[in-house]
Amino acid sequence: MPRSAPLPCRHPGCAALVEDGRGYCPRHRNDLRQWDNTARAKARQSRRAWHTGDPRWRALRAEVLREQPLCVHCEREGRVGLATVVDHADGNAMNNERSNLQPLCASCHAAKTAREDGGFGNPRR
């Protein structure tokens, strides 16, 4: 059977050709673990009261977005942003009380997560 053609490394900006099927050149092999690691995702989901695919979470999320379709952070700043994410306001994913859930747009949620979890050089809270 003929071999498939080599593809460029999946790391952004890297044009090295990869033949082994993993998608990353030897220089960017660590990206494979960073981006494609299901163990990290499973660990993150285990720290939640309900994982994000749970029907109870999906129903609660839909209810929150139906009640409040606009991002609460954008509203505070005088902007209008459509909420697509339901966030735990206190950062505790085990606390699914309605008072702890807030609708956010994706950019506000990313900024809040980076601020609280130490992303982009921010200190972890």
Do the non-hydrogen side-chain atoms of Val18 and Pro6 ever get within less than 4.5 Å of each other?
-> no
Under a 4.5 Å side-chain heavy-atom rule over Ile, Leu, Val, Met, Phe, Trp and Tyr, are Leu70 and Val85 clustered together?
-> no
Sub-4.5 Å side-chain heavy-atom contact between His11 and Arg27 = no
Heavy-atom check, side chain of Cys108 versus side chain of Arg79, under 4.5 Å | yes
Just how far is it from atom SG of Cys14 to atom NE2 of His28, taken to the nearest 0.5 Å?
-> 5.0 Å
What do the steps show when you test His73 against Arg76 for side-chain contact (heavy atoms from CB on, under 4.5 Å), and what is the final call?
-> CA-CA 5 Å; His73 286 189; Arg76 272 188 233 135; 3.3 Å; yes
What distance separates Leu17 CG from Leu7 CG, expressed to the nearest 0.5 Å?
-> 8.0 Å
In sequence, state the C-alpha distance, the side-chain angles, and the governing distance for His88 and Leu101, and then conclude on side-chain contact (heavy atoms from CB on, under 4.5 Å).
-> CA-CA 5 Å; His88 292 87; Leu101 301 177; 3.5 Å; yes
Please report the shortest heavy-atom distance between Trp57 and His51, naming the atom on each side.
-> CB-O, 3.7 Å
Please check if atom CD in Glu67 has more than 12 non-hydrogen atoms from other residues, nucleotides or ligands closer than 6.0 Å.
-> yes
Is there a donor-acceptor contact under 3.5 Å from the side chain of Asn100 to the main chain of Asn95?
-> yes
Of the non-hydrogen atoms in Gln102 and Val72, which two are nearest, and what is the gap between them?
-> OE1-CG2, 3.6 Å
